[in-house]
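One structure is given below, encoded as structure tokens.
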Amino acid sequence: QVQLVESGGGLAQAGGSLSVSCQVSGTLITDKTVGWYRQAPGKERELVAGITSFGRTNYADSVNGRFTISRDNAKNSVYLQMNSLQPEDTAVYYCAAKRSDYHFKYDYWGQGIQVTVSS
């Protein structure tokens with residue numbers, strides 16, 4: 001079965017940094033777009049960042065310039081480095097993958113990991 005397992009995250013002060021990692025098993029991410037979503041309490045899920053199989057990245061305006069998504073196909077993993085954190089970044093972060101670059105929605109999902117930013 002396809003599994004996406006997040007790790008990292010945790011608690012940081014405003015202005016600090018955290019990272020989240022996603023280990024994928026059951027399928028190769030080499031030919032897939034992978035990304036990170038987040039959902040804060042009382043808010044809808046939003047796409048934070050994505051990276052295509054070609055390495056093209058996109059970011060939500062709210063995190064652009066602060067967060068960096070990367071991938072390591074050899075390790076079948078995807079990462080999100082989060083710098084200059086704000087309390088508004090507090091959310092459950094989900095790793096996700098499309099079946100290919102050409103699907104409009106993400107097909108595979110992790111269980112999520114908590115990121116909390118205190119002021």
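Just so it is clear, the values below take in all heavy atoms, side chains as well, and ignore hydrogens, waters and symmetry mates.
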Ignoring hydrogens and angles, tell me if any N or O in the side chain of Asn76 forms a donor-acceptor pair with the backbone of Thr27 under 3.5 Å. yes
At what distance, to the nearest 0.5 angstrom, does CD of Gln81 lie from CD1 of Ile69? 12.5 Å
Between atom OG of Ser53 and atom CG of Asp31, what is the distance when rounded to the nearest 0.5 Å? 7.0 Å
Is Lys98 reaching over with its side chain to a backbone N or O of His103, donor-acceptor style, under 3.5 angstrom? yes
Are Arg38 and Asp89 ion-paired here, with the side-chain N under 4.0 Å from a carboxylate O? yes
Between Asp101 and Thr33, is there a donor-acceptor pair closer than 3.5 Å when you use the side chain of the first and the backbone of the second? yes
Do you know which two heavy atoms are closest between Gly50 and Tyr106, and how far apart they sit? CA-OH, 3.9 Å
Do Ser62 and Asn64 pass the side chain to side chain contact (heavy atoms under 4.5 Å, CB included) test, and can you show the C-alpha distance, the side-chain angles, and the key distance before you say yes or no? CA-CA 6 Å; Ser62 59; Asn64 193 33; over 6 Å; no
Worked check of side chain to side chain contact (heavy atoms under 4.5 Å, CB included) between Lys32 and Tyr108: CA-CA 11 Å; Lys32 296 176 173 66; Tyr108 309 111; 4.1 Å; yes
Taking every heavy atom of Arg45 against every heavy atom of Gln39, the minimum-distance pair comes out as N-NE2, 3.8 Å
Phe67 and Trp36: aromatic ring centres closer than 6.0 Å? no
I would like to know whether Val34 and Ile51 meet side chain to side chain contact (heavy atoms under 4.5 Å, CB included); could you show each step before the answer? CA-CA 6 Å; Val34 293; Ile51 181 168; 3.5 Å; yes
Do you know which two heavy atoms are closest between Ala14 and Ser119, and how far apart they sit? CB-CA, 4.3 Å
Strictly distance-based, threshold 3.5 Å: is any side-chain N or O of Thr30 a donor or acceptor partner for the main-chain N or O of Leu28? no
Any chain of hydrophobic side-chain contacts (each under 4.5 Å) joining Ile113 to Val2? yes
For the pair Leu80 and Met82, evaluate side chain to side chain contact (heavy atoms under 4.5 Å, CB included) and give the outcome as yes or no after the intermediate values. CA-CA 6 Å; Leu80 186 69; Met82 301 175 285; 3.9 Å; yes
Donor-acceptor pair, side chain of Gln13 and main chain of Leu85, under 3.5 angstrom: no
Around atom CD of Gln111, are there more than 12 heavy atoms from other residues, nucleotides or ligands closer than 6.0 Å? no
To check you understand the geometry: which heavy-atom pair defines the closest contact between Ser70 and Val78, and what is its length? O-CG2, 3.2 Å
Using the six-membered ring wherever Trp is involved, compare the ring planes of Trp109 and Tyr94 and label them parallel, tilted or perpendicular (cut-offs 30° and 60°). perpendicular
Note, Val24 side chain near Gln3 side chain (heavy atom, < 4.5 Å): no
Before accepting this row, confirm whether a basic side-chain N of the pair Arg99/Asp107 lies closer than 4.0 Å to the acidic partner's carboxylate O. yes
Polar side-chain atom of Tyr79 near backbone of Thr68 as donor-acceptor pair, under 3.5 Å: no
Between the side chains of Asp72 and Ser77, does any donor sit under 3.5 Å from an acceptor? no
Output yes when a side-chain donor or acceptor of Arg71 lies under 3.5 Å from a complementary backbone atom of Ile29, and no otherwise. yes
For Gly9 against Leu18, the heavy-atom pair lying closest together: O-CD2, 3.6 Å
Shared hydrophobic cluster, Tyr59 / Tyr37 (ILVMFWY, side-chain heavy atoms < 4.5 Å): no
Can you confirm whether Val20 sits close enough to Glu6 that some side-chain heavy atom of one is under 4.5 Å from a side-chain heavy atom of the other? no
